[in-house]
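Worksheet for the structure shown next.
Position 1 is the first residue of the sequence, and the numbers go up from there.
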Amino acid sequence: MKLMIVRNRKWLLVTFCVLMSTVPIYMQETKKEHIIPLSIKTEALKALSYYPELKNTPIEFKFKKHIKKSIMQAQPRFLSLLKGKKNRSYKILISETFEIGGQHYATENIPENVLIGWLGHELGHVMDYRNRSSLNLIWFGIKYYLSDSYIQKAERAADTYAVEKNMETYILETKNFILNNTNLSEVYKARIKKYYLSPDEIVKLVEDRDFKKEN
Ligand SMILES: [Zn+2]
């Protein structure tokens, strides 16, 4: 009888341990902070790995038929603006196709590192947004549409975050992909030159970042 109780206790303990060990797995499975289409999962996870701060920030990567004037766009979810900074969620919209020399190409098929750099830039926007109050973000959205200098400020901030997170190799590949692609429209290239950091400025940022690290 005594032996039975001891054995039962042992089994109880084993069952308890097995059940407890499944709790974190179950939580990970159901948490789903990041919603990513399968076709860009590898690239998005790679870009996210440079931003450990965004581990618990809900972000949905979502394909869209067409985005005005750009290929990707990071935004806070409108209703989540009613919540506090900490509970806000974001979406990164990705245009399904982009045009090169009159032909349409699928965004999911652009070279892997270029896509990682592109997504890394968008996550830089999320980093910028999460430091702002909701009121500030609404004001930010208005100014982004109205002022050229504000677009420049926001785009350069996103690039700067990505470089601070050591993503310069990818960011430079993305930049070179756009600027050296003879078939991309000149209007789009001019836009990139006007608003974003140039490859030289990125190299300078990297030098400054590494100098700060060493001293
Ligand atoms: Zn941007």
Side-chain angles (χ1 to χ4, degrees), residues 36-37 39-40 43-44 46-47 50 59-78 90-129 132 136-165 167-206:
I36 309 167
S39 60
I40 56 159
E43 293 85 351
K46 181 79 190 168
Y50 286 86
I59 304 170
E60 181 181 5
F61 298 76
K62 200 176 175 185
F63 278 108
K64 209 183 158 192
K65 276 260 171 290
H66 181 72
I67 300 172
K68 222 177 169 184
K69 286 187 192 167
S70 59
I71 294 172
M72 292 192 199
Q73 203 173 56
Q75 293 173 345
R77 278 195 176 282
F78 191 69
Y90 302 91
K91 54 184 172 185
I92 292 177
L93 299 174
I94 304 157
S95 177
E96 280 175 10
T97 56
F98 63 99
E99 201 187 305
I100 293 183
Q103 276 196 301
H104 288 273
Y105 292 89
T107 308
E108 62 186 31
N109 292 340
I110 61 178
E112 193 179 342
N113 286 356
V114 175
L115 196 51
I116 294 170
W118 222 309
L119 295 166
H121 167 90
E122 297 307 319
L123 292 172
H125 280 300
V126 175
M127 289 291 285
D128 182 25
Y129 298 162
R132 297 168 182 268
N136 179 294
L137 267 178
I138 293 168
W139 187 225
F140 170 94
I142 296 168
K143 281 194 282 190
Y144 191 92
Y145 278 102
L146 295 178
S147 144
D148 261 13
S149 70
Y150 210 74
I151 297 178
Q152 193 183 49
K153 232 174 162 175
E155 295 307 341
R156 293 165 78 93
D159 272 347
T160 307
Y161 269 112
V163 172
E164 267 173 28
K165 294 287 165 195
M167 287 200 80
E168 65 271 15
T169 318
Y170 298 109
I171 295 291
L172 281 170
E173 276 205 47
T174 309
K175 258 212 200 190
N176 291 331
F177 174 81
I178 295 165
L179 298 175
N180 301 336
N181 200 323
T182 46
N183 287 325
L184 268 176
S185 91
E186 285 308 317
V187 177
Y188 184 66
K189 278 195 242 181
R191 188 181 155 81
I192 294 290
K193 278 185 196 154
K194 184 177 172 188
Y195 296 126
Y196 296 70
L197 289 178
S198 70
D200 285 345
E201 283 172 308
I202 289 172
V203 171
K204 178 79 179 56
L205 266 185
V206 172

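The line from CZ of Arg156 to OG of Ser198 is 7.0 Å long, rounded to the nearest 0.5 Å. Between the CD atom in Gln75 and the CG atom in Leu137 there is a gap of 11.0 Å [rounded to 0.5 Å]. Atom-to-atom distance recorded for Phe61:CZ and Glu122:CD is 9.5 Å, nearest 0.5 angstrom. Between atom CD1 of residue Ile92 and atom CD1 of residue Ile36 there is a gap of 9.5 Å, rounded to the nearest 0.5 Å. Atom CD in Glu173 sits 11.5 Å away from atom CG in Asn180 (nearest 0.5 Å). Between the NZ atom in Lys194 and the CZ atom in Arg191 there is a gap of 8.5 Å [rounded to 0.5 Å].
Other residues, nucleotides and ligands place no more than 12 heavy atoms under 6.0 Å from the NZ atom of Lys193. Other residues, nucleotides and ligands contribute over 12 non-hydrogen atoms within 6.0 Å of the NZ atom of Lys189.
A tilted orientation is assigned to the rings of Phe98 and Tyr105, their planes being inclined by 30° to 60°.
When side chains are defined from C-beta on, Ile110 does not count as touching Ile71, because their heavy atoms never get closer than 4.5 Å. Side-chain contact check for Phe177 versus Asn113: every heavy-atom pair is 4.5 Å or farther apart. Side-chain contact between Asp128 and Thr160 is absent, with no heavy-atom pair separated by less than 4.5 Å.
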Applying side chain to side chain contact (heavy atoms under 4.5 Å, CB included) to Glu155 and Tyr144, what does each step give before you reach the verdict?
CA-CA 10 Å; Glu155 295 307 341; Tyr144 191 92; 2.4 Å; yes

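Using modelled atom types, no side-chain atom of Lys175 and backbone atom of Gly117 make a donor-acceptor pair closer than 3.5 Å.
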